[in-house]
Amino acid sequence: MGVYIALSPLLILVLGGCGLMLAEAFGRFSEDGGDEGPSSELSLGSAVCLLAAALMAMGLWIKGPETIEGFQKVAPYLILDRFTLFFTMVTCLGGALASLLAGGYLPEHKLDRGEFYSLLMFSTIGCVVLAASGDLLSLFLGLETMSLGVYALTGFRRGSTRSTEAALKYFLLGSFAAALLLYGGALLYGATGHTDLVGIGKALAADQGLPWPMVIFGFAMILVGLAFKVSAVPFHMWAPDAYEGAPTPAMTFMAVAVKSAAFAMMLRLLVHSFSSPGFTSWGSGWPPVLAFLAVLSMTVANLVAGRQESVKRMLAYSSVAHAGYVLVGVVSMTRLGDEAQASVLLYLLAYTVSTAGALGSLILIGSRGAEAVSYEDLAGIGRRHPAAALAMSFFLLSLAGVPPSAGFFAKMYVFRGAIGAGYYWLAIIGLLNSVLGAYYYLRVMVYMYMREPAPGAPVAVPMRSGLVTAALVLSALFVIVLGVLPGSGLSMALQAVARG
Amino acid sequence: MIRVEHYLVLSAILFAIGAIGFLVRRNVIVALMSIELMLNAVNLTLVAFNRMHLHHTGQMFTFFIIAVAAAEAAVGLAIVLAVYRNRRTIRTDQADQLKGLAMERVFDLYPATHFSLLGVILGLPLLGAFINGVFGKRLGRDAVRATGLMVMGAAFLTAVVAFGALVHHAHTLQDAAGNATQNPRLVWIAWKWLTLSLGEAKGLTNLQVGFAIDPLSATMMLVVTGVGFLIHLYSSSYMWKDPGFYRFFAYLNLFVFSMLVLILGDTLPMLFVGWEGVGLCSYLLIGFWFDEEKNAAAGKKAFIANRVGDFGILVGTAMLLHYTGSLDFQGMIANSGRLMEEVTVWPIGNAPMLFSSPIKVYAATLCGLALFLGCTGKSAQIPLYVWLPDAMAGPTPVSALIHAATMVTAGVYLICRLSPIFALSPATMAVIATTGALTALFAASIGLVQNDIKKVLAYSTVSQLGYMFLGVGVGAFSDGFFHVFTHAFFKACLFLGAGSVIHAMHARIHDTDASQDMRNMGGLRKHMPYTHATYLVSCLAIAGVPLTAGFFSKDEILAKTWEVTVIGARAANQWAPPAWLGKVLFVIGILAATMTAFYMFRTYFLTFWGEFRGWRVVPGWKDPHGHHGHDDHHGHDEFEPGEGRDHIEGPVPHESPWQMTVPLGVLAFFAIAAGYLNAKIIGETIHVHALTWLDHWLEPVFRRANALVNTPEFNAGHAWALAVPGMLAAAVGIGFAYFNYIVKGGEFTEKLAESAPGLHELMLDKWRVDELYEATVLGAVDELASTAVVADKWIIDGILAKFSSLLVAGLGHALRLVQTGRIQVYAAGMVVGTVAVAAFLYLPHSEAEVNGGDSGVYKVKAAGGVGYKFRWDADGDGKPDSQDFGSVGEIEVRVEPGKSKTVVLEVRNAFGRTQRREIVVARPLRDGQSAALDGVLPDNQPKAVIR
């Protein structure tokens, strides 16, 4: 019985997803959307399920997962520890925010089809499984469950060339990366005889006559697959196209939940399988590779983001840049251990709520038929719709890392970790990049408050949607709480990474 | 039973096929199938391993993969269907439109009127100069080299993109028959500099900091960045041991930047900024080893000679502004009709003068002559050529890049740029052509007798520049420019080849003069096969042997000299050159060509044939003095040139490393291949348009100027007949050189020199022109020069400050270009990244750290690695302590106070590759001062250094 309690967040999601699918199939919704459309019911339904899962995870956290009888029955396929619970909360929160945003967005843009929500739920299940998996088998299953759903979500706007093209790109490149990851996994299995991450790690650490060339090639492929999933430069090129083509709520989900789950997978793999001295040495192993990717991601993405004309695409590049900051934390892990890993977790939480908020504000500013996409669309919003502009500014400031927002402390902990680990140059490059990043976030504000739309240009009118507002309020709450009480977030993250 | 390795190989092949299929096929279904193939390869691997390990996990995994792959295929097909419904095609792109589409995308980002990609091309070398100049000393050689090479490589690639964009733009401007309707131009105006008021009648003119590429400047840009990159690569090895390595790269990058400003500048003042910039860099690089008196003097000489020329440019600019009311090339050329105004040059003002009958000259003639004075300075023509041979005091790669391939051709470029203005006046053109021909002959005559290999090449450069001026002077603008183009390749190759030889000579002879003296060389053919082959190819090209690039360009200039007449603006009582002038210049040109073939092959035979004369070759000989740098040492071996064999012993001369031979190979290839871009004589005879590509490409640039010139129709018989003297000249020159130096062993010329000792001395002393100048003009010029330096700095500094802020924006632009939207491009990016990761993991990295130090015991710890094994040499005997590699990753060394000890660490990784590293552990005199790594301590304290 205990194992079901331990698995309850996942079970809630599975049952909820199935329930939503049935409701969508048998419910009577008006075809043309509006107040009677599927979103009116399903959006809230899925948000409730996702938040319930998150709350359940919170309950388990408070009780302590290790006190529940039988929590190890599904190990190593699913590891039910605080790390899993933390990422369950983050991804479910991201999913919930995305589904609330979809509730406002889909009817407004005549995309009101109910399958969005069940796809989103199933994809979230993939995220949770990915974060929980302690075995290459379940890891692969989680990864594909997550990805397949997201591919479909990206191409959700079936009639649009851009959206389907984005889905195609994401799908092809995503499967390509998955195949690389898988091949790497197969080679590791061959070399060590294990598919469970801990077993692989032990075999590698024991260093008894393993076929090292095979291990190293497998390792290289796994690194590349991971880099693709977290969209680190130069494996990032799919991300801006896919993000831009996807409907904004789907983009929110991708940027937030999918990215967090991918980082969870990366941490699991690196900590469990590749933490022996050989793999964490600066001479050979992942730290120099990831440090290089981090520098590239931050610098390239920030440079390019500054040149974008579309706010949505700018946010896509900014998400690549944030992956770079997170990687800085991952690299620091080799010398600082848990403290750095905790900073990674905290960063992902802060980034989740800030990005969801910023994209939510972008959704809010657009209305029927006219999405706010470019900088020009935002001109003069500050005067005409101060509330929407204020929300946007608030989340962008958090993304830029202005104190006392969540983003500021997240960045601070990551860079402090890098300094503590002795990687001064990483911290300096990161700081320089934050300055570079602030430029394009502030540019949005310049447009909102200091520019007027060109005469005759279509004027964006914000939509009215309780669901979107709710999502924004929820994200704002997190941004403020994490900004005012960063210590509590950090201590939670520290507990999550502490190995019991 | 099949062995597991076979499964592995099979699955690896399948996986590779899948990956390649994914990368190269454009049909989405095929891409999808390729991915499925990759997954199946994984399955095969798993099954094989499953059998090896004898448990069920692998099988289970396989089933999961099959199930998921099916789901994946379903989702994929659904997406493909949606794409098909929207686009009616499932190709990932339209292959036939791809090139056009990519260029369209370039134009999306960089419209033709705001082509800020030029800012990137300009900014990259500047960035390199900045990084290497400011931080170079701290960064270390590796980083300096990487920076220099990367910015140049990136600048070249960006230049290629810009060139492609221009070609595309030119296509859009063509009429139905494929002829250009107007000169294609891509313009970037960075900012407005200032506005000039020209008085009420002429209004205002804007001086903009604007850059543009058209066929002329784009071609030149490719040469500068491409040859520039190769020479950077060469220098990265040639200058490696020089203490000023970073300074050298900073200057070299700064030079490329200035040269690009010169070429891309869209206004005469911008060109002048670049003109001064290259002058400054040239000056800095000639005097690179400024601690030698001679080099500093050479730098100064270059500076002064150029000042005289710059005076001409300034006067010309002022006159052009006055008459045409414009400073940009477009405006000047459009208003060039106003230059046909008569100016009374004598008597000056109303002063009563001797010979009071007035002399009137057209303004066009005056402008042209003033500008040409500038060209004689920069491009080393009579009377201002004297600085160039002395400029060879600089490092050899500098001679190749600045004093052969690029900067010295700036004068020719300027005349091409303003060709419609020069062509207005037949008098100016006659002066240019005559000066060019005389310089060609004069410099060649000096080159005949020089013994220093770099001096010969220097005079040959002056002589070849003369040909270029002869070409543009007779009105064959595209041919003159074509010679600039081909000369860049073969002369750079010759200089670099000479550098490679000097590099080899330095193995034993460290005196600059002795190591460059051809009397000390000989027989290097055997020891340096690669250098020999490339040098020979370039010699053939410069001698004008048929079917080489030099033949096509030089021959075309000579033919045009015979045929073409400049008509000019057809103004009343305009001076016309006599009809015999062209014939005389042709004969001079042929004479000079014969000399060229002779002296070039003289260098070739003396250097590469016969017996080695530098020292007695003793295999395995080691230099007791340790290694020296290249051009920078005073000798300690005092003996007559060519007699080294009797006095000293030395090692077997060695071929240069790949960083030096690869540029040689590429340049030698172009020394042949570049000719076929404009092999007019063949192309026109057999009617193949591709062989006259450059002429067509440049046609819109020179259209206005060509209208002022009378060029007869191509006539195959005529053209081949005119080519015969040139071919004979090459044959005679080479044949005589062979006869004299190989058959007769140099007797013949020795006798010749003995029979006319005075003449020989005079030629050896370069006709004593230096002494003449010394006595007359130098003092006066000094003052002018020092004032110009101030202006120089002011202009350069202003530009520098402005560009750095633009650079961030420009880089972002360039990066965005990669995002083309093509799946394969993205996938290829991923593959490049994968290969980089794999390569990093494949190579061993022998990092190490030094800890401890309590009472002299230091712990040296090697960074561990996957499958690493270590071997140490801690006792300092130069041999490893144990024969085998072991797992000991940390050792202790005991060091006495104030002493140091060298520990050698060798690391071998799982692939059997090893890397070696020397760690010097030094103990301070007093303990407590820590033994830090990598020079954290001030220089006067001992420290542990990792090399």
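Proteins come first, then strands; the chains are lettered A, B, ... in the order of their sequence lines, and each starts at number 1. Side chains are part of it too, since the values below use all heavy atoms of this structure and drop only hydrogens, waters and symmetry mates. No experiment lies behind these values; they were computed from the predicted model shown.
Put simply, of A/T145, A/D135, A/T195, A/L293, the one with the most heavy-atom pairs under 4.5 Å next to chain B is A/T195. Note: B/T834 leads B/T57, B/V75, B/T834, B/T45 in heavy-atom pairs under 4.5 Å with chain A. Contact tally against chain B (heavy-atom pairs below 4.5 Å) for A/A220, A/A227, A/A178: the top residue is A/A220. Contact count against chain A (heavy-atom pairs under 4.5 Å) is highest for B/G833 among B/A69, B/G833, B/A862, B/A67. When each of B/E36, B/M52, B/H55 is checked for heavy-atom pairs under 4.5 Å with chain A, B/H55 comes out on top. If you tally non-hydrogen atom pairs under 4.5 Å between each of A/V289, A/L148, A/L180 and chain B, the highest count goes to A/L148. Chosen from A/P213, A/P277, A/G174, A/P234, the residue pairing most often with chain B at heavy-atom distances under 4.5 Å is A/P213. Contacts with chain B were tallied for A/A305, A/A152, A/P288, A/S276; A/P288 has the most, counting heavy-atom pairs under 4.5 Å. Contacts with chain A were tallied for B/A74, B/G76, B/A836, B/A838; B/G76 has the most, counting heavy-atom pairs under 4.5 Å. Among A/F140, A/F171, A/W286, A/Y189, the residue with the largest count of heavy-atom pairs under 4.5 Å with chain B is A/Y189. Among B/V4, B/L39, B/N50, B/L8, the residue with the largest count of heavy-atom pairs under 4.5 Å with chain A is B/N50. Of the listed residues (B/L32, B/V80, B/V68), the greatest number of heavy-atom pairs within a distance under 4.5 Å of chain A belongs to B/V68.
Checked by atom type, the side-chain pair A/D241/A/Y170 shows no donor-acceptor distance below 3.5 Å.
Both the backbone and the side chain of B/A19 have a heavy atom closer than 4.5 Å to some heavy atom of chain A. For a residue to count as touching a neighbouring chain, one of its non-hydrogen atoms must lie under 4.5 Å from one of that chain's; by this rule B/H845 touches chain A with backbone and side chain alike. Proximity to chain B (any heavy atom under 4.5 Å) is shown, for A/L204, by neither the backbone nor the side chain. Of the atoms belonging to B/N909, not a single heavy atom falls under 4.5 Å from chain A. Only the backbone of A/S160 comes within contact range of chain B, judged by heavy atoms closer than 4.5 Å. If you measure heavy-atom distances from A/L223 to chain B, the contacts under 4.5 Å come from the side chain alone. Within the 4.5 angstrom heavy-atom criterion, only side-chain atoms of B/Y868, from C-beta onward, approach chain A. Proximity to chain A (any heavy atom under 4.5 Å) is shown, for B/A12, by both the backbone and the side chain. Contacts between A/F292 and chain B at a heavy-atom distance below 4.5 Å are absent for every atom of the residue. If you measure heavy-atom distances from A/Y151 to chain B, the contacts under 4.5 Å come from both the backbone and the side chain. Residue B/S34: no heavy atom, backbone or side chain, is found under 4.5 Å from chain A. Contacts between A/T192 and chain B at a heavy-atom distance below 4.5 Å involve the backbone alone (N, CA, C, O). There is no contact between B/L843 and chain A, counting heavy-atom distances below 4.5 Å. Proximity to chain B is limited to the side chain of A/L141, based on heavy atoms less than 4.5 angstrom apart. For a residue to count as touching a neighbouring chain, one of its non-hydrogen atoms must lie under 4.5 Å from one of that chain's; by this rule A/L210 does not touch chain B.
Here CG of B/L77 is found 10.5 Å from CD of B/E72. Values are rounded to the nearest 0.5 Å. The OG1 atom of A/T154 sits 8.5 Å away from the CH2 atom of A/W238 when rounded to the nearest 0.5 Å. Interatomic distance, A/R158 CZ to B/L81 CG, rounded to the nearest 0.5 Å: 10.0 Å. Note that CZ of A/F274 and CD1 of A/I200 are 6.5 Å apart. Values are rounded to the nearest 0.5 Å. Interatomic distance, CG of B/L37 versus OG of B/S11, reported as 11.0 Å (0.5 Å rounding). Atom CZ in B/F63 sits 9.5 Å away from atom CG in B/N43 (nearest 0.5 Å).
Between A/Y423 and A/W425, the ring planes lie perpendicular to each other; the angle is over 60°, past the 30° to 60° tilted range. A parallel orientation is assigned to the rings of A/Y183 and B/F15, their planes being inclined by less than 30° (bins at 30° and 60°).
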- A/V295 and A/L327: CA distance, side-chain angles, deciding distance, side-chain contact (heavy atoms from CB on, under 4.5 Å) verdict: CA-CA 9 Å; A/V295 170; A/L327 282 176; over 6 Å; no

- Yes or no on side-chain contact (heavy atoms from CB on, under 4.5 Å) for A/L226 and A/F235, after CA distance, side-chain angles and deciding distance? CA-CA 9 Å; A/L226 289 175; A/F235 308 101; over 6 Å; no

- Dump the intermediate steps for side-chain contact (heavy atoms from CB on, under 4.5 Å) on B/M38 and A/S175, then the final yes or no. CA-CA 10 Å; B/M38 291 163 77; A/S175 343; over 6 Å; no

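In this structure, B/F911 places its CZ atom where more than 12 heavy-atom neighbours from other residues, nucleotides or ligands lie under 6.0 Å away. Other residues, nucleotides and ligands contribute at most 12 non-hydrogen atoms within 6.0 Å of the CE atom of B/M33.
Side-chain contact between B/Y7 and B/R51: present, with at least one pair of heavy atoms (C-beta onward) separated by less than 4.5 Å.
With A/S273 contributing its side chain and A/L270 its backbone, the two residues share no donor-acceptor pair below 3.5 Å.
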